[in-house]
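So you know, we letter chains A, B, ... as the sequences are listed, proteins then strands, and number each from 1.
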2 protein chains.
Amino acid sequence: MDRRLPTLSDVARRAGVSYATADRVVNARGGVAEKSVLRVRAAIRDLGYVRNVAAANLSQGRLYRFAAILPNGTNAFFGRMRALFEGAARSLLTERVELTVETVEAFDPAALVRRLEKLAEDCIDGIAIVGSDADEVAEAIGALRGQGIGVVTLVSDVPGSDRDAYVGIDNVVAGRTAGRLIALAHGGQAGRILPVVGALSARDHAERLAGLRDVVAGNLSLAPEIEGRDRHDIVEAGVARALKADPEITAVYSAGAGNAGLIRVVEALPGTRPVVVLHELVPHSRRALEAGLIDIVIDQRPEEGVARVIDGLRQLADRRGPIIAEPIVPTIYVRENLPPASNDPETGKTT
Amino acid sequence: MDRRLPTLSDVARRAGVSYATADRVVNARGGVAEKSVLRVRAAIRDLGYVRNVAAANLSQGRLYRFAAILPNGTNAFFGRMRALFEGAARSLLTERVELTVETVEAFDPAALVRRLEKLAEDCIDGIAIVGSDADEVAEAIGALRGQGIGVVTLVSDVPGSDRDAYVGIDNVVAGRTAGRLIALAHGGQAGRILPVVGALSARDHAERLAGLRDVVAGNLSLAPEIEGRDRHDIVEAGVARALKADPEITAVYSAGAGNAGLIRVVEALPGTRPVVVLHELVPHSRRALEAGLIDIVIDQRPEEGVARVIDGLRQLADRRGPIIAEPIVPTIYVRENLPPASNDPETGKTT
DNA sequence: TTGTATGCGTTATCAC
DNA sequence: GTGATAACGCATACAA
C-alpha cells in the first residue's frame, strides 16, 4: 500500500556505483566512465526513478525571487491585476517563492527600463512585465535573459524581444470574436459598427481593430474609429458625437479602456441602443452588463494570466525547459454568466 | 540578497524554548505551558515564520495517491477529459503524486459504488468522480469522507452528498447564457427555440433547460424539447422531424451530447439554417463551428476542471483547509476564437 | 511539560 | 573517476 518511490540511493545500489556517481549521471555533471553512465541509466529505467524536486530544493535552500511590474495609475483593469498578484504573493510564501509587485509610470519605457536594470542587480530569478513597443525595452529584456533571468511579458507583448513567453490573449482573435458576436447580433440585417480604441498606435488596440475588420463583411460596415486615449471623458464625447452624426450606427466595439464614458452615452440614449461589445470585466462594465446597457464583455482573465506567469517563471527558474505559451482564451461574459461578485477584502473593491 | 527564510529552529531559539516545543505549538499538539505558547507565537510573528511544506512532506515521506473515475464509452467529451487526466498523471509523478485514472460503466451507480468501496481499502488520499443522482453514491461518498479520504465531484454533482467540492460549471447559468446569446442573435425579431437534451431526468440537462427558460421572453418561445438520449442517431431523427414539423423554429439549443446528429441535420438543411448553440468543444463540434454550421459552442473547459481537481485533492490531503469552490466559467467559442488544434500525441485524436 | 536525536532525498564539498 | 558525508527544514520517537 505505501510502497516507497525509488530514490537515487536505490539507483546507485542497483547500478553498483556510489551515490555520488549516480548523482553525477542524473545531473549531467560529467566525469563519469561511459560504462558507469550506462549502468546508472539502466537502473533509472528499471526502477522508474524520478527526481524528488522537493528534496532537491530543500537541499539547495532554494528560494525563488520573482518580480512583477505593472503600470501605475487608476486603470480598473490593472488595479484588478495588481490585487491578484498581491494575493498570489501572499499565498506563495508558503511555497518558498517571494513575489514583489511593483508599479512603474505608465507609457514610459525609459522608466520601465530603469526599473529592470535595478532588478537585474537585485539577484532576482524572474520578472513579469507588461510589454510596450519600445526598442529599449526589448534590449533590456535581452540583457536580463543574458544574466539568466526569466522574463515573461504580460497582457501586451514586446515585439522583437526574446522574452521567454508572452502570457495574454491573441488580440487579433479577440477582435474577430467581437466582430463575430456583433454579426450574430445583426442576424443578417444591415448595420454599421463604430470602433473605439485608445490609440491606433497601441499595438493591442490596432490588432483588435484589425481582427474586427477581418470579420466585417456583407451588409455590415465600419464607421471611422474613435481614438479615446483610454480616457472616459474623451471616449464619452467622441462616441456621443459619432452616434449623433451617424444614425446608421447599430453597434459599438470598444477595444480599449475608458468605457465608463461609453456606458454613460449609451445610458443617455433615447430609443433602442446599439449592440455594445467591450473589453475587461471591471466594476463599471459589470454594472453596465447587469443593467442591460451593454451586451458582451470580453475578459482576458487576469486570474489565469497571473497563474500562468507564476508557473512559467518557476518553470524557468527550475530549468525545466521552455514555457509552453498557448494564448489565453478570453472569457465572454453576458449578463447571465457573470461570476459571483467577490468583494476583495484587501481593497474593499467589488470585482 | 539571499537572506534565508526563518526556520522553526530560529523561532525556537528566539522564543527561548527547544525545537520540539516550538513544533508542538505550530502543529497544535498540545501539552505546552501557556507561557511558552505565547512566547513561540510572538517569535513566529516577529520573524515572519512560514512552514516549509516541501521539507515537511519530505520528512514524512509523503506520497499522494489520488484516483479519478470516469465513465467508460466513446463519448468524445469524456475521452478528452481522460486524456487530460492521463497527461496530468504523467507530469505529476515529478511532484510525488500518483494519479490513477479508472473507468467505470456509465449510468451504473452500483458499479461506481463498488469501485469506490474497493478504492477505500486501497489506502488512497483522494478521489474524483463524475457524479450522478443516486443515493447509494451519496452514501458511498459519506463513507469515504469518514475515512478521511477527500472526494470531489466533477462535471456533475452528487446532490445530498457531503463531497468536499464540486468542480464544474453552473448548468443553470450555462443554459441562461445560451438563451441570452440566442436572444442576441434574434436582435428583437420573433423566434422559436428547439431545445435538445439527453434526458430530462439527467440533472445537468434539466438545469440547462431551466436556465434557458429563465431567459426566454418577449417574442421568443420554446418548442417542445427533444430527448435524444445523447445518441447522435436519435438526436438526428428527432431534430429533423421537429424542424420539418415546425418551420417557425429559428434556433436550436442542445444541452446534451449526440450533437453529431444535430450537425448532420443542419448540414442537410436547405435555405437559411437556425441559430445553433451546443455544448463541449470536441472534434465534431469544432469542425461544425469552422464550417459555419453552428454558431456557438459552450465549453466547460475540462483542462481547468482537471487542474482544479488535482489542486483541490492535494489541498485536502495536506489539510490546508476546505476547497474554495467557485464554479468554472465555461468558455464560449465562436468560429473565430477556437484554440489552436492540438493533435494529442497519445491518442492521435484532434482536439 | 520540555528537550535531543534521527531520517526523509537531494545537493555540494571534500577526500581518495 | 569515484566515494563518503554534511547540510537543508521538518516530523517524530524517545529521553528527561
Side-chain angles (χ1 to χ4, degrees), chain A residues 2-41 43-44 47-64 93-98 317-320, chain B residues 2-41 43-44 47-64 93-98 317-320:
Chain A
D2 198 293
R3 63 204 156 61
R4 215 172 45 87
L5 261 50
T7 74
L8 196 49
S9 300
D10 300 327
V11 170
R13 198 174 318 120
R14 167 113 181 193
V17 299
S18 77
Y19 183 95
T21 298
D23 172 71
R24 287 184 181 101
V25 175
V26 296
N27 287 356
R29 298 187 210 281
V32 181
E34 182 64 21
K35 199 176 68 175
S36 307
V37 173
L38 293 175
R39 298 181 61 177
V40 171
R41 290 240 176 82
I44 288 175
L47 265 41
Y49 166 77
V50 287
R51 181 166 161 275
N52 185 331
V53 182
N57 286 348
L58 174 61
S59 87
Q60 286 179 134
R62 198 163 198 349
L63 170 61
Y64 302 93
L93 256 119
T94 323
E95 304 172 51
R96 307 281 114 166
V97 359
E98 183 184 291
D318 281 343
R319 307 196 186 293
R320 276 186 282 141
Chain B
D2 200 292
R3 63 209 154 60
R4 215 173 44 87
L5 260 50
T7 74
L8 195 52
S9 299
D10 299 327
V11 170
R13 197 173 319 120
R14 167 112 180 192
V17 299
S18 77
Y19 179 93
T21 300
D23 171 72
R24 288 183 182 102
V25 174
V26 297
N27 288 350
R29 298 186 212 282
V32 181
E34 183 64 21
K35 198 175 69 175
S36 308
V37 173
L38 292 176
R39 299 181 61 177
V40 171
R41 291 241 175 81
I44 288 174
L47 266 39
Y49 167 78
V50 289
R51 181 165 162 277
N52 184 333
V53 182
N57 286 349
L58 176 61
S59 83
Q60 288 179 130
R62 197 162 199 352
L63 169 61
Y64 302 93
L93 261 134
T94 322
E95 304 172 51
R96 307 282 114 165
V97 0
E98 183 184 291
D318 280 343
R319 306 194 187 292
R320 277 187 280 140

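- For the pair A:N52 and B:G16, nearest-nucleotide mapping onto DNA chain C gives the more 5' position to B:G16.
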Side chain to side chain contact (heavy atoms under 4.5 Å, CB included) for A:Y49 and A:V40? Distances and angles first, verdict last.
CA-CA 11 Å; A:Y49 166 77; A:V40 171; over 6 Å; no
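- In terms of phosphate contacts, B:T21 brings a side-chain nitrogen or oxygen within less than 4.0 Å of OP1 or OP2 of C:dG3.
- Spacing between atom CG of A:L47 and atom P of C:dG9 amounts to 13 Å, rounded to whole angstrom units.
- For B:Y19, the side-chain atoms get nearest to D:dT12 when compared with the rest of C:dT10, C:dT2, D:dT12.
- In this structure, A:L5 places its CG atom 11 Å from C1' of C:dG9, rounding to the nearest Å.
- Between B:K35 atom NZ and C:dT2 atom C1' the separation is 12 Å, expressed in whole Å.
- Here the side chains of A:V26 and A:R51 are not in contact, with every heavy-atom distance at 4.5 Å or above.
- A:R24 comes within contact range of at least one nucleobase, with a heavy-atom separation under 4.0 Å.
- Looking at heavy-atom distances under 4.0 Å, B:D23 makes contact with a base.
- Computed from coordinates, the B:L8 CG to D:dC8 P distance equals 15 Å when rounded to whole Å.
- Here the shortest heavy-atom pairing between A:V11 and A:A43 reads O-CB, 3.7 Å.
- The side chain of B:S18 has C:dT4 as its nearest neighbour among C:dT1, D:dA11, C:dT4.
- Nearest-nucleotide assignment on DNA chain C puts the 5′-proximal partner with B:A33, out of B:Q60 and B:A33.
- Atom CZ in B:R29 sits roughly 17 Å away from atom P in C:dT1 (whole-Å rounding).
- Within the 4.5 Å cutoff, no side-chain heavy atoms of B:N52 are placed close to those of B:T7.
- Among C:dC8, C:dT2, C:dG3, the nucleotide with an atom closest to any side-chain atom of B:V17 is C:dG3.
- Heavy-atom contacts from other residues, nucleotides or ligands closer than 6.0 Å to CZ of A:R41 number 12 or fewer.
- As rounded to whole Å, 19 Å separates atom P of C:dC8 from atom CZ of A:R51.
- Dashed line: the shortest gap from a side-chain N or O of A:N57 to OP1 or OP2 of D:dC8 is not under 4.0 Å.
- Note on A:S9: every side-chain N or O is 4.0 Å or more away from OP1 and OP2 of C:dG9.
- Residue contacts shown for A:A20 include a base, since a base heavy atom lies under 4.0 Å away.
- Per the geometry, CZ belonging to B:R13 stands 15 Å off C1' belonging to C:dG3, to the nearest Å.
- Counting only heavy atoms from C-beta on, B:V32 has its side chain closest to C:dT2 among D:dA11, C:dT2, D:dG1.
- Within the nucleic acid shown, B:L58 comes within 4.0 Å of at least one base atom, counting heavy atoms only.
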